[in-house]
Amino acid sequence: MTTTTLTFPGTVHQLENGLTVVHQHMPATPVVVADVWVDAGAAQEPLEWLGMAHFLEHMVFKGTERLLPGMFDHTIETQGGFSNAATSHDYAHFYMAVAADALPTTLPHLADLVLHAAIPADEFVRERQVVLEEIRQAHDDPDWVGFQALSEQVFPDHAYGRPVLGTAEILAQRSPEEMRSFHQRHYQPDNMTVVIAGGTPLEPTLDMVRHAFRAFPTPPTTTPAVVPGKVDSWWGVRRQVLRIPRLEHARLTMAWLGPGIDDLDAACGMDILSALLAEGRSARLVRELREERQWVLDISSSFSLQRDCSLFTLQAWLAPDAVDAVEALICERLSTLAVQTVPTAELERAKRLLTNDFAFSTETPGQLAGLYGYYSVVANAADSYSYPDRIRAHTPASITSLVQTYLSTNAYASTVLLPTT
């Protein structure tokens, strides 16, 4: 077997004003993706402004002094491109995909939107109704309700336990002036990364970014204090049962605190554990619980790398009367995994799965822009390409150590969703 060490194929530049630019030239593609990442997610909100980061994401597209509402979308779409945005606890980002030769005319528009959002009062009132409807729809989604309840269990004193969408009560009290203050404070050059990936060379790209992102808003003199909070580990099982109307199948979600960005080797090892347990038909819990015993309709696992503390979850869809047995069996299998060495062949299968997934997820400009931008916010862009090497470096002994450290059956959170009777 030949093992190839990947080196970061992009370049990272810091402009004179402090703005970070990550670029990768992909000569074979006629497309370019520009993705603007801002360290201004829900974790940067004052408590009394809960939901502001996500609401602002909506308002950015409502125009500037030079771009009326809808003009940006019209410009991008008439050239065959598309744009969108997203907000999480750790970031907000705004991106567009266009033909490479359209970048010089469209990038200034994207920069104008992100840096000079006008946040007009009439649009603020109208768009707030859209966000409130989004919140209502979220509360009608049992999986969102279950995950939010789980997050509050795991992170009771940290922003990660609060909903990114905010609440209707708090958003109803917010004003355009407060949103402008939040925008002006956080949308600053040393708080942002512009990622450009696709069919455009480096030097003209840097000139375009330097020109488009040259004027930033003046920071406000005062804003409410930001307190992301703290993450505390605990001993014991935090278990809650929620009754949900119209639920077709029960859900069992178990969660553990994971390593943060300060230990990327361990974080990659948690991805291996996720694959070992529940990725693919031959994964341990899928094979036993779904294929052999048929105790669950399905089971999956997830490891979410976050800046302050990551989250490892196992989720099963099952009959209500199977919940206790499945939870007990999962604990039993984790206890076994903590003392028995993982067979080499099984470990290699998981490594292959993850490194192949990495290769398939770094093929397009959009995938690369998302990968580089995310790592720029939570770590740094070059770390993204160390992933395959970190995965390959794990051994049966290191995996056992991670189970002992992070997947204790005496310290986890469990949320059960059951249908109303």
Taking side chain as C-beta onward, heavy atoms only, is [X] less than 4.5 Å from [Y]?
| X | Y | answer |
| --- | --- | --- |
| I399 | I272 | yes |
| H109 | M71 | no |
| L165 | Q137 | no |
| E178 | T223 | no |
| T7 | Y385 | no |
| T106 | Q79 | yes |
| D90 | D39 | no |
| M192 | L115 | yes |

Worksheet item: E133 and Q129: side-chain donor and acceptor closer than 3.5 Å?
Response: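 No, because no side-chain N or O of E133 sits under 3.5 Å from a partner of the opposite role on Q129.
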
Fill in: T11 versus H13, side-chain donor and acceptor atoms under 3.5 Å
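Yes.
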
Side-chain ([X]) to main-chain ([Y]) donor-acceptor, under 3.5 angstrom:
| X | Y | answer |
| --- | --- | --- |
| Q315 | S300 | no |
| K62 | E123 | no |
| T395 | S398 | yes |
| R281 | V286 | no |
| R290 | D298 | no |
| Q14 | V21 | no |
| E57 | T87 | yes |
| Q188 | P217 | yes |
| S274 | M270 | no |

For the residue pair [X] and [Y], does the interplanar ring angle fall in the parallel (under 30°), tilted (30 to 60°) or perpendicular (over 60°) class?
| X | Y | value |
| --- | --- | --- |
| H93 | Y95 | parallel |
| F312 | F303 | tilted |
| Y160 | H89 | perpendicular |
| Y372 | F8 | perpendicular |

Considering only NZ, NE, NH1 and NH2 on the basic side and carboxylate oxygens on the acidic side, decide whether [X] and [Y] come within less than 4.0 Å.
| X | Y | result |
| --- | --- | --- |
| D265 | R390 | yes |
| E346 | R349 | no |
| E327 | R239 | yes |
| R333 | E288 | yes |
| D122 | R126 | yes |
| D271 | K351 | no |

To the nearest 0.5 Å, what is the distance between [atom1] on [X] and [atom2] on [Y]?
| X | Y | atom1 | atom2 | result |
| --- | --- | --- | --- | --- |
| L297 | L289 | CG | CG | 11.5 Å |
| T205 | I196 | OG1 | CD1 | 6.5 Å |
| S83 | M96 | OG | CE | 8.5 Å |

Worksheet entry | L334/Y412 under side-chain contact (heavy atoms from CB on, under 4.5 Å): CA gap, chis, key distance, verdict | CA-CA 12 Å; L334 291 178; Y412 69 91; over 6 Å; no

Worksheet item: Does the pair L273 and L337 meet the rule for a side-chain contact (heavy atoms from CB on, under 4.5 Å), with working shown?
Response: CA-CA 10 Å; L273 278 168; L337 193 57; 3.8 Å; yes

Discussion item. Can you confirm whether or not the ring centre of Y406 sits under 6.0 Å from the ring centre of W256?
Written reply: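 Y406 vs W256: aromatic centres not under 6.0 Å.
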
Worksheet item: Can the ring centres of Y187 and F182 be said to be less than 6.0 Å apart?
Response: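 Centroid distance Y187-F182: not below 6.0 Å, so no.
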
Practice prompt. Just jot down the ring pair (Phe, Tyr, Trp, His ring centres under 6.0 Å) partners of Y387, sequence neighbours excluded, or say none.
Written response: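 For Y387 the ring pair (Phe, Tyr, Trp, His ring centres under 6.0 Å) partners, ignoring immediate neighbours, are F358.
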
Worksheet item: Going through the distances and angles, do Q367 and T362 end up as a side chain to side chain donor-acceptor pair (under 3.5 Å)?
Response: CA-CA 6 Å; Q367 291 171 325; T362 53; over 6 Å; no

Worksheet item: Does CZ in R136 sit with more than 12 non-hydrogen atoms of other residues, nucleotides or ligands closer than 6.0 Å?
Response: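 Enclosed: over 12 neighbouring heavy atoms sit under 6.0 Å from CZ of R136.
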
Worksheet item: How far apart are the C-alpha atoms of T400 and Q340, what are their side-chain angles, what is the distance that settles it, and do they pass the side-chain contact (heavy atoms from CB on, under 4.5 Å) test?
Response: CA-CA 7 Å; T400 299; Q340 290 184 355; over 6 Å; no

Worksheet item: When you look at N410 and W235, which way does the side-chain contact (heavy atoms from CB on, under 4.5 Å) test go after all the steps?
Response: CA-CA 6 Å; N410 293 313; W235 185 257; 3.4 Å; yes

